[in-house]
Every structure is written in C-alpha cells, then in structure tokens.
Amino acid sequence: MLRVLVMVSGGGTNLQAIIDAVANGDVTNTEIVGVISNNYDVFALERAAKAGIEGVVVSPKDYPSRADFNKGLLDKVNSFNPDLIVLAGFLVVIPEEMIEAYENKIINIHPSLIPSFCGTGYYGLKVHEAALERGVKLTGATVHYVDKGTDTGPIIMQKAVEVKEGDTPKMLQQRVMEEAEWKILPAAINMIANEK
Ligand code: GAR
C-alpha cells in the first residue's frame, strides 16, 4: 500500500477527488494517511474529517520564523511516514530540506499546461486570468514531480481543456478542475501506486 500524505491550503476539491477515487476503486494500492493544511478553517479539513482521515494544521503564523516553520512542517510530514506527498492546491513554497528528503516522492497539480502559465506568481485563479488575457484556445492541467524550481519538475500527466467564448476566470477554473484536475491527479497516484 502506498502511504499518501495530501497537503492543502483551501477548498480541497482535489483532495476530495483523491478520497473518492480511493473509495470507489479507481485508485488502488493506496492509503491516504493524513492531510496537512497551512491554513486553519479550510473546507479541505472538513473533507478529511468526514472521510476519517487525520487532518492537521501547520501554519507559519504559529512559528517565530520561516526557518522554524520549515522545520515544523518537515517534522509533521515525517511523522506520517509517507511514500508519496501530494500537493493538492498547497500554496506554500516547499522548503528545500523537504525536497531533498523526499526526492521524487512529491507531486503537484498545476492548473495549466506546463510550461505555459506556471512559475512564481501563477497559482489558482491567476493562472486562468493570464490564460484568458493571452487569448489561448486550449489550456488544461499538469501533474508533475516537485523539484527545487517552481513548476519545473518532470511532467507525469497532462490533460487539455478547451477555452470557450465568454469564459470568465472562474468558469474556466471550474472546467479545468472538472475535466482535467480531478481526473489526472487520482490517475497519476494510481500509476505511482501500481508502479506503471
Ligand atoms: C487547484 O486548481 C490547483 O490546481 C491549484 O489550486 C487549486 C486548489 O483547489 N494549484 C495551484 O495553482 C498550484 N500552483 P482545491 O483546494 O479545490 O483542490
């Protein structure tokens, strides 16, 4: 069984997609051992609780410095003894010590077709605002391994999504989630869990 730790910052719809896929057998050989959030009061933690998964908060606000937070975060991650760490809308830069400790064991979902609309400053709705501003006709989502750069690690899976006339950033975000993110993130975990 692959021990998966999911890290979140907000609503947790990608977390929910993983929980559902494990429950319905689309993802096999996988146990979600915990959820870490950097924010209190996020709906992702309610989703974890409802699924009977331990959820904890590691917030920078509770530490005197960034270095202390980074250490606290790594200690908490280690305590779950994960085989795979899934960044599912985790909007904190992963500390270098953690990337070194979990080389090739951290994956991230990004709401664009990397290398478009990625890197520093491109997260959440901003990605879709940029895509609409540029006038692209196709966008999508990418699952990739996390290395020391921002959105630069090896790509595992991608899925394209059409941009439609009259799309707002919110409409496009929703379509990219439904048609791409909620599918390829569980699929990538299943692939890793089954060593495909
Ligand atoms: C998702 O769209 C995810 O791709 C994005 O944050 C959202 C989280 O939603 N991540 C990034 O932008 C990372 N650069 P969720 O909490 O409902 O899963």
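Keep in mind it's a predicted model, so treat the numbers as computed, not measured. Sequence positions, counted from 1, serve as the residue numbers for this chain. Ligands are counted one by one from 1 in listed order, and the atoms in each one are counted from 1 as well.
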Novice: So which heavy atom in the protein is nearest atom 14 (N) of ligand 1, and how far is it from that ligand atom?
Specialist: H110 ND1, 3.2 Å
Novice: Could you tell me the residue and atom name of the protein heavy atom closest to atom 11 (C) of ligand 1, and the distance to it rounded to 0.1 Å?
Specialist: P111 CD, 3.6 Å
Novice: With a 6.0 Å cut-off (strictly less than), is the heavy-atom count around NZ of K159, excluding the residue itself, greater than 12?
Specialist: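 Result for NZ/K159: enclosed.
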Novice: Are any of the N/O atoms on G12, whether in the backbone or the side chain, positioned under 3.5 angstrom from an N/O atom of ligand 1?
Specialist: yes
Novice: Side chain to side chain contact (heavy atoms under 4.5 Å, CB included) for T152 and I114? Distances and angles first, verdict last.
Specialist: CA-CA 8 Å; T152 52; I114 289 175; over 6 Å; no
Novice: Keeping D151 on the side-chain end and G119 on the backbone end, is there a donor-acceptor pair under 3.5 Å?
Specialist: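 Yes.
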Novice: May I ask you to list the atoms of ligand 1 that are less than 4.0 angstrom from any heavy atom of I109?
Specialist: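 It comes down to these atoms of ligand 1: 4 (O), 10 (N), 13 (C).
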Novice: How far is atom 17 (O) of ligand 1 from the closest protein heavy atom, and which atom is that?
Specialist: T13 OG1, 2.6 Å
Novice: Calculate, to the nearest 0.5 Å, the distance between atoms CG and CD belonging to L5 and E31 respectively.
Specialist: 11.5 Å
Novice: Is there a polar contact, in the sense of an N or O pair closer than 3.5 Å, between Y123 and ligand 1?
Specialist: no
Novice: Against heavy atoms of M177, which atoms of ligand 1 measure under 4.0 Å?
Specialist: 1 (C), 2 (O), 9 (O), 17 (O)
Novice: Specify the protein heavy atom at minimum distance from atom 4 (O) of ligand 1: its residue, its atom name, and the distance to 0.1 Å.
Specialist: E181 OE1, 2.7 Å
Novice: Nearest protein heavy-atom contact for atom 6 (O) of ligand 1: which residue, which atom, what distance?
Specialist: G89 CA, 3.7 Å
Novice: Heavy-atom count around D75 CG within 6.0 Å, excluding the residue itself: above 12?
Specialist: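 Check passes, neighbour count above 12.
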Novice: Taking only residues two or more places apart in sequence or in another chain, which ones pass salt bridge (Lys or Arg N to Asp or Glu O under 4.0 Å) with E100?
Specialist: K148
Novice: Identify the closest protein heavy atom to atom 12 (O) of ligand 1: which residue and atom is it, and at what distance?
Specialist: G124 N, 2.8 Å
Novice: Is ligand 1 under 4.0 Å from a heavy atom in the side chain of Y122, in the backbone, in both, or in neither?
Specialist: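 Only the backbone of Y122 comes within reach of ligand 1.
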Novice: Hey, could you give me the CE/NZ distance between M98 and K105, rounded to the nearest 0.5 Å?
Specialist: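 With rounding to 0.5 Å, CE (M98) is 12.5 Å from NZ (K105).
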Novice: Check this for me: F43, atom CZ, are more than 12 non-hydrogen atoms of other residues, nucleotides or ligands nearer than 6.0 Å?
Specialist: yes
